[in-house]
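Taking it in order: structure first as C-alpha cells, then the write-up.
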Amino acid sequence: DEKWFTASYLNISTREAERWLEMLENARRFYPSKEQWEQKQKTLKEELKDPENKHYKYLQNLDLLDLVDDARLGLYNDHITIPYFFKGQIINITQFCPGETPKYRTSKGALAGIVGTTKRFNPNLDYVVIAAGEKDMLSLTRKGFNTVTLLGGEKAKPIFNKKFFKDKKVYIAYDNDASGKIGGYDLAEWLYRYTTQIKVLNLGNRDNLLDEDFIKVAKEEKEDVTDYFVKYNRNDVDFWNLIDNTNWFIPTPKEDENSLQAIYKIKDQIELLIKEIREKDSTEKKVKNANKETSN
C-alpha cells in the first residue's frame with residue numbers, strides 16, 4: 001500500500017501521507033517536468049546576458065547572479081522562479097515578484113513545511129541553517145552556509161522532512177520582527193525532539209546573546225538575512241560570529257508551561273466574568289428603561 005509505505009518512509013501519519021501523495025499527484029499533473037524546467041532555466045540565462053535586463057539587475061542587487069545554476073532558477077510567467085524538487089519531480093515553484101503584491105507566489109496545493117534547497121545543500125554536514133524564505137536561503141547559500149527554507153513562512157514545521165534535522169546542529173535565522181522571533185522559538189521547541197543542538201539567531205533578547213547580535217545590525221523592523229549581508233555589508237565571518245555568540249536553545253520547562261496554562265485559564269475566567277457582568281448590566285438597563293417608558 002503506497003500510503004503506508006509513504007507514512008513509514010517519511011515518518012508521518014497516514015493522514016499526512018494521504019496529503020503528501022495528493023500533492024505529488026497534483027504536481028505531476030500541473031507543474032513542469034524536470035525537462036520542461038530546464039528550458040525555463042535556459043530562457044532565464046538568455047535574459048541574464050543583458051546587464052540592463054530587469055532580471056539581471058534584480059539578482060545583481062541581491063548578489064545572487066552566480067547562484068542561478070545551483071538554485072535551478074528559471075523564468076516562469078516572466079518572474080524569476082525557484083523550484084522545490086522531490087526525487088526529480090517539482091512539488092512547488094516560488095516566483096519572485098518585486099514591486100508586486102504579493103512579493104512571492106507559491107504553487108497552490110503545496111504543503112506547508114516542505115523543505116527547499118539548492119544543489120549546494122549537503123545533507124551530510126553536521127549543521128543546517130533554516131532561513132525565512134527562498135531569498136534568504138539563497139543569500140546564506142551564496143555566503144557558503146548549508147541552508148534550507150520551509151515553505152509556508154515562519155509558522156511552518158518540517159513535518160515531511162524531519163530527517164534533514166535529526167541530530168544536526170540547527171541554526172534558525174528568521175526575520176527581525178515579532179513573527180520571526182516567535183516563529184523561531186516555536187520551531188526550536190518543535191525540533192527539540194529531533195535534535196537538542198539548536199540556536200535561534202534573530203533574537204531581540206540581549207541577555208541571550210553574548211556579543212554582537214542581529215538587532216544591532218539588521219535593526220529595523222522586518223529586516224532579514226538578506227539585509228544583513230547586502231544592506232549592512234556583512235560577510236560569512238560575521239555570521240559565524242553571530243552563530244558562535246548565540247546561546248544554545250533551552251526549551252521551556254514543563255512547570256513553566258503549567259504555570260502559563262494556569263495564568264491563561266485564570267485570564268479566560270476573568271474575561272468570561274467581565275462579559276457576564278456587562279451582559280447583566282446591559283439587561284438591567286434595558287429593564288429599567290422599559291419600566292420608565294411604561295410609567296410614563
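The basis for the numbers below is simple: all heavy atoms, side chains too, and nothing from hydrogens, waters or symmetry mates.
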Tell me whether R19 is salt-bridged to E16, with the criterion being a basic N under 4.0 Å from an acidic carboxylate O.
no
Geometric class of the W37/Y76 ring pair [parallel <30°, tilted 30-60°, perpendicular >60°]
tilted
Apply the test side chain to side chain donor-acceptor pair (under 3.5 Å) to residues Y84 and E134: give CA-CA distance (whole Å), side-chain angles for both, the deciding distance (0.1 Å), then the verdict.
CA-CA 10 Å; Y84 286 55; E134 294 83 4; 2.6 Å; yes
In this structure, is the centre-to-centre distance between the rings of F145 and Y171 below 6.0 Å?
no
Would you check, one step at a time, whether the test side-chain contact (heavy atoms from CB on, under 4.5 Å) holds for L44 with V68?
CA-CA 9 Å; L44 176 60; V68 171; 4.3 Å; yes
Restricting to non-hydrogen atoms, name the atom on F85 and the atom on P83 that form the minimum distance, rounded to 0.1 Å.
CE1-CG, 3.5 Å
d(Q41 CD, Q36 CD) to nearest 0.5 Å is 12.5 Å
In terms of heavy-atom contacts, does CZ of F30 have more than 12 from other residues, nucleotides or ligands at under 6.0 Å?
yes
Between S8 (side chain only) and W4 (backbone N and O only), is there a donor and an acceptor less than 3.5 Å apart?
no
Decide salt bridge (Lys or Arg N to Asp or Glu O under 4.0 Å) for D69 and K119; before the verdict, give the C-alpha distance in whole Å, the side-chain angles of both, and the deciding distance to 0.1 Å.
CA-CA 8 Å; D69 282 326; K119 290 181 180 178; over 6 Å; no
Which atom names give the shortest non-hydrogen contact between Y31 and S107, and what distance separates them?
OH-CB, 2.9 Å
Nearest 0.5 Å please: distance from the CG atom of N146 over to the CG atom of L140.
10.5 Å
Would E47 and N53 count as a side chain to side chain donor-acceptor pair (under 3.5 Å) here? Give the steps.
CA-CA 7 Å; E47 299 234 347; N53 183 278; 2.9 Å; yes
Residue pair D78 / L75: nearest heavy atoms and the distance that separates them
C-CD1, 4.0 Å
Looking at side-chain heavy atoms only, is the closest gap between L59 and L73 below 4.5 Å?
yes
Using the ring of each side chain (for Trp, its six-membered ring), is F249 parallel, tilted or perpendicular to Y185, with breaks at 30° and 60°?
tilted
Would you say the side-chain atoms of T195 pair up with the backbone N or O of K169, donor to acceptor, closer than 3.5 Å?
no
Can you give me the closest heavy-atom contact between R234 and D238, atom names plus distance?
CD-OD2, 3.2 Å
Residues two or more places apart in sequence or in another chain: which of them pass side-chain contact (heavy atoms from CB on, under 4.5 Å) with N11?
K162
For E279, I'd like to know if atom CD has over 12 heavy atoms of other residues, nucleotides or ligands within 6.0 Å.
yes
Residues, nucleotides or ligands: over 12 heavy atoms within 6.0 Å of L65 CG:
yes
Straight-line distance of T226 OG1 to L138 CG, nearest 0.5 Å:
8.0 Å
So, are R15 and E18 salt-bridged, with charged N and O less than 4.0 Å apart?
yes
Checking the side chain of D70 only, and the main-chain atoms of R120 only, is there a donor and an acceptor separated by less than 3.5 Å?
no
Do D126 and K168 meet the salt-bridge criterion of a basic N to acidic O distance under 4.0 Å?
no
Are the side chains of D177 and K181 in touch, meaning some heavy atoms are under 4.5 Å apart?
no
With the 4.5 Å side-chain cut-off for hydrophobic clustering, are I159 and M23 part of the same group?
yes
Check the pair Y232 / E223 against side chain to side chain donor-acceptor pair (under 3.5 Å), numbers first and verdict last.
CA-CA 11 Å; Y232 295 95; E223 287 190 323; 2.9 Å; yes
Got a salt bridge between K231 and D224, using NZ or NE/NH1/NH2 to carboxylate O under 4.0 Å?
no
Evaluate the criterion side-chain contact (heavy atoms from CB on, under 4.5 Å) for residue pair V170 and Q197; output intermediate values, then yes/no.
CA-CA 6 Å; V170 177; Q197 301 180 90; over 6 Å; no
Under 3.5 Å donor-acceptor, T196 side chain and Y192 backbone:
no
Check for me, please, whether L24 and I93 land in the same ILVMFWY cluster - side-chain distances under 4.5 Å, paths through other members count.
no
Give me the ring orientation class for Y9 and F5: parallel if the planes are under 30° apart, tilted from 30 to 60°, perpendicular past 60°.
parallel
Whether over 12 other heavy atoms sit under 6.0 Å from K34 NZ
no
Please find the pair of heavy atoms, one from F160 and one from A112, that lie closest to each other, and give the distance.
CE1-O, 4.1 Å
Look up atom NZ in K135 and atom CG in D227, then write down how far apart they are to the nearest 0.5 Å.
6.5 Å
Please check this pair: side chain of T118 against backbone of A71, looking for a donor-acceptor N/O pair closer than 3.5 Å.
no
Are any of the side-chain nitrogens in E38 or R72 under 4.0 Å away from the carboxylate oxygens of its partner?
no
Between OG1 of T106 and CG of N92, what distance do you get to the nearest 0.5 Å?
5.5 Å
Going by an N to O cut-off under 4.0 Å, is there a salt bridge joining D186 and K155?
no
Test of understanding: clusters of I, L, V, M, F, W, Y form through side-chain heavy atoms closer than 4.5 Å, transitively. Do V225 and W240 belong to the same one?
yes
Should the pair F229 and F239 be assigned to parallel (<30°), tilted (30 to 60°) or perpendicular (>60°) ring geometry?
tilted
Membership question, hydrophobic clusters at under 4.5 Å side-chain separation (ILVMFWY): are Y127 and M137 in the same one?
no
Closest non-hydrogen atom pair, K143 against D236
O-CB, 3.5 Å
Go through it in stages, so that I can follow the logic: the residues are F164 and V128, the test is side-chain contact (heavy atoms from CB on, under 4.5 Å), and I'd like the CA-CA distance, side-chain angles, deciding distance and then a yes or no.
CA-CA 8 Å; F164 279 79; V128 181; 5.6 Å; no
Separation between CG (L187) and CD1 (I182), nearest 0.5 Å, reads 13.5 Å
Are V148 and W190 linked, directly or through intermediate hydrophobic residues, by side-chain heavy-atom contacts shorter than 4.5 Å (ILVMFWY only)?
yes
Would you please test L150 and I114 for side-chain contact (heavy atoms from CB on, under 4.5 Å) and show each step?
CA-CA 6 Å; L150 307 181; I114 60 176; over 6 Å; no
Do E154 side-chain atoms and D175 backbone N/O form a donor-acceptor pair below 3.5 Å?
yes
Quick check against the 3.5 Å criterion: does N77 have a side-chain atom that pairs as donor or acceptor with the backbone of H79?
no
Are any of the side-chain nitrogens in K103 or E100 under 4.0 Å away from the carboxylate oxygens of its partner?
no
Keeping R142 on the side-chain end and L67 on the backbone end, is there a donor-acceptor pair under 3.5 Å?
no
